Amino acid sequence: MGLVLQVKIPSQTDVIETNVATDHPKDRLDPPCHISSIHELDLFRSLQSVLMNLQLLWELVLLGEPLVIMAPSPTISSELVLALTGCISPLKFCSDFRPYFTIHDSEFKEYTTKTQAPPSLLLGVTNPFFIKTLQHWPHILRVGEPRVSGDLPKQVKLKKITKLKTLDTKMGMYTSYKPFLHKDKTLIKQLLKGLQKKLPSSALSLMLRKHLFHLTQSFILPLERYMGSLMPHHSAITPWKNPPQVRPFQQEELMKMLEHTGPQYSSAIKGDWIGLYRRFLKSPHFDGWYRHKQKEMRERLETAHLKVICEANITAWIKNKSEVEIVDLVLKLRDKLVQAHRQHLPVSSASLNRLKLHIDEVIGSLPEDLQSILHPH
């Protein structure tokens with residue numbers, strides 16, 4: 001009998017629903033599991049067996065490393081994969097991920113081939129067959145049913161990837177990866193205190209979410225500062241010239257800045273932060289973040305340029321200008337208006353209306369034949 005897992009995978013703009021059917025007996029679960037947002041996940045429950053290796057997993061996810069999650073059920077697989085995609089918030093997860101992958105999926109051959117390196121992907125599976133077919137993947141996390149051992153749930157141990165050989169391989173985090181950062185025991189101590197006080201899972205999840213958010217934020221903030229330094233000064237923006245360009249991103253310039261102002265000076269977590277940044281710059285998450293920042297910075301420049309134009313004395317500028325120059329100005333100003341509406345630039349409607357009046361005034365100063373072309377009735 002076919003069984004169905006329904007997972008709502010969150011994205012910035014919409015929610016995608018994935019329905020997967022399988023015949024594997026281990027894949028049975030009760031009713032379909034609906035997850036409409038990462039923030040609705042019980043993060044503590046999802047990550048409870050990997051808390052001792054959470055920082056290592058954070059690094060692997062941050063760097064877009066290929067990672068397989070082998071779980072006893074589609075529910076555990078899906079929730080763990082989705083929890084890991086959210087562990088680098090506020091950074092947007094830009095790799096691919098499959099909360100529940102089966103041998104029937106169309107990419108099965110692509111992911112199991114040994115002729116090419118595995119893609120940047122979080123892959124959730126339940127079928128033990130994958131232990132054999134995915135042995136070449138560099139990082140494999142095998143988890144079991146959650147079991148409480150003392151105060152802290154039983155933890156998955158770190159093991160060498162070479163130990164992953166048989167279908168009955170024990171639970172563990174199989175990898176040869178050496179983390180750049182030293183392990184931070186603060187989170188475990190906080191969670192243990194919370195467990196001793198019998199705090200609800202929601203409170204423990206909030207602790208986890210805050211810890212991961214601050215860890216990622218401390219990593220991203222120096223990059224944000226560097227990108228801000230590439231922006232031209234406001235004084236370089238004039239109404240009658242195209243807006244100045246953002247200075248090009250230079251990796252070595254960034255590294256020099258990080259050596260003096262990186263999180264190694266402010267974070268309680270020590271280690272090779274610079275090495276982690278160098279590796280991150282090659283990841284899909286950096287590529288996605290950088291593209292977004294570029295777009296954001298271009299729009300900020302366009303907005304600043306448009307505001308300067310709206311405040312400019314256009315009537316004074318067109319004096320002693322040729323008709324060709326004035327017509328060129330009208331066309332450029334109209335383009336600016338179209339761009340402002342298309343890109344939803346944050347310029348007030350009063351400023352845009354003022355610009356429209358400026359355009360009408362400029363057209364009114366031209367001979368009638370040109371007016372009729374630029375202002376057809």
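Values below: all heavy atoms of this structure, side chains included; hydrogens, waters and symmetry mates excluded. As the structure is a computational prediction, the values presented were derived from the model and not from experiment.
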Show, in sequence, the C-alpha distance, side-chain angles and deciding distance for R278 and E252, and conclude whether the salt bridge (charged side-chain N to carboxylate O under 4.0 Å, His left out) test is met. CA-CA 10 Å; R278 283 193 184 278; E252 288 313 310; 3.2 Å; yes
Whether the [X] and [Y] side chains hold a donor-acceptor pair (N or O, under 3.5 Å, no angle test) is what I'd like checked.
X: H233; Y: S235; result: yes
X: H305; Y: K241; result: no
X: S202; Y: S205; result: no
X: T115; Y: T113; result: yes
X: T112; Y: T133; result: no

Kindly state whether the ring of F286 and the ring of F249 have centres lying under 6.0 angstrom apart. yes
Assign the ring pair Y177 / H139 to parallel, tilted or perpendicular, where the plane angle (0 to 90°) is split at 30° and 60°. perpendicular
For L199 and M207, run side chain to side chain contact (heavy atoms under 4.5 Å, CB included): C-alpha distance rounded to whole Å, both residues' side-chain angles, the deciding distance at 0.1 Å, then the answer. CA-CA 11 Å; L199 291 181; M207 274 187 206; 3.8 Å; yes
Check ion pair [X]-[Y] (N to O, under 4.0 angstrom):
X: E311; Y: R354; answer: no
X: K256; Y: E259; answer: no
X: D360; Y: K356; answer: no
X: R279; Y: E59; answer: no

So K307 and E302, salt bridge (charged side-chain N to carboxylate O under 4.0 Å, His left out) or not? Walk me through it. CA-CA 9 Å; K307 285 179 178 176; E302 291 293 348; over 6 Å; no
Separation between CD1 (I314) and CD1 (I359), nearest 0.5 Å, reads 7.5 Å
Between CG of N242 and CD1 of I237, what distance do you get to the nearest 0.5 Å? 12.0 Å
Contact between Q343 and E299 at the side-chain level, heavy atoms closer than 4.5 Å - yes or no? yes
Side chain to side chain contact (heavy atoms under 4.5 Å, CB included), that's the test. Do M171 and K157 meet it? Break it down for me. CA-CA 7 Å; M171 307 305 128; K157 291 180 181 176; over 6 Å; no
Please name the pair of heavy atoms, one in [X] and one in [Y], separated by the smallest distance, quoted to 0.1 Å.
X: V156; Y: R142; value: CG2-O, 3.8 Å
X: T303; Y: P346; value: OG1-CD, 3.4 Å
X: H358; Y: A312; value: NE2-O, 3.7 Å
X: A340; Y: L306; value: CB-CD2, 3.5 Å

Is the number of heavy atoms from other residues, nucleotides or ligands within 6.0 Å of CD (Q294) greater than 12? yes
Taking the six-membered ring of W317, is NZ or CZ of K321 closer than 6.0 Å to its centre and within 45° of its axis? yes
Testing F219, F180, Y226 one by one against Y277 for a ring-ring contact (aromatic ring centres under 6.0 Å, His included), which residue passes? F219
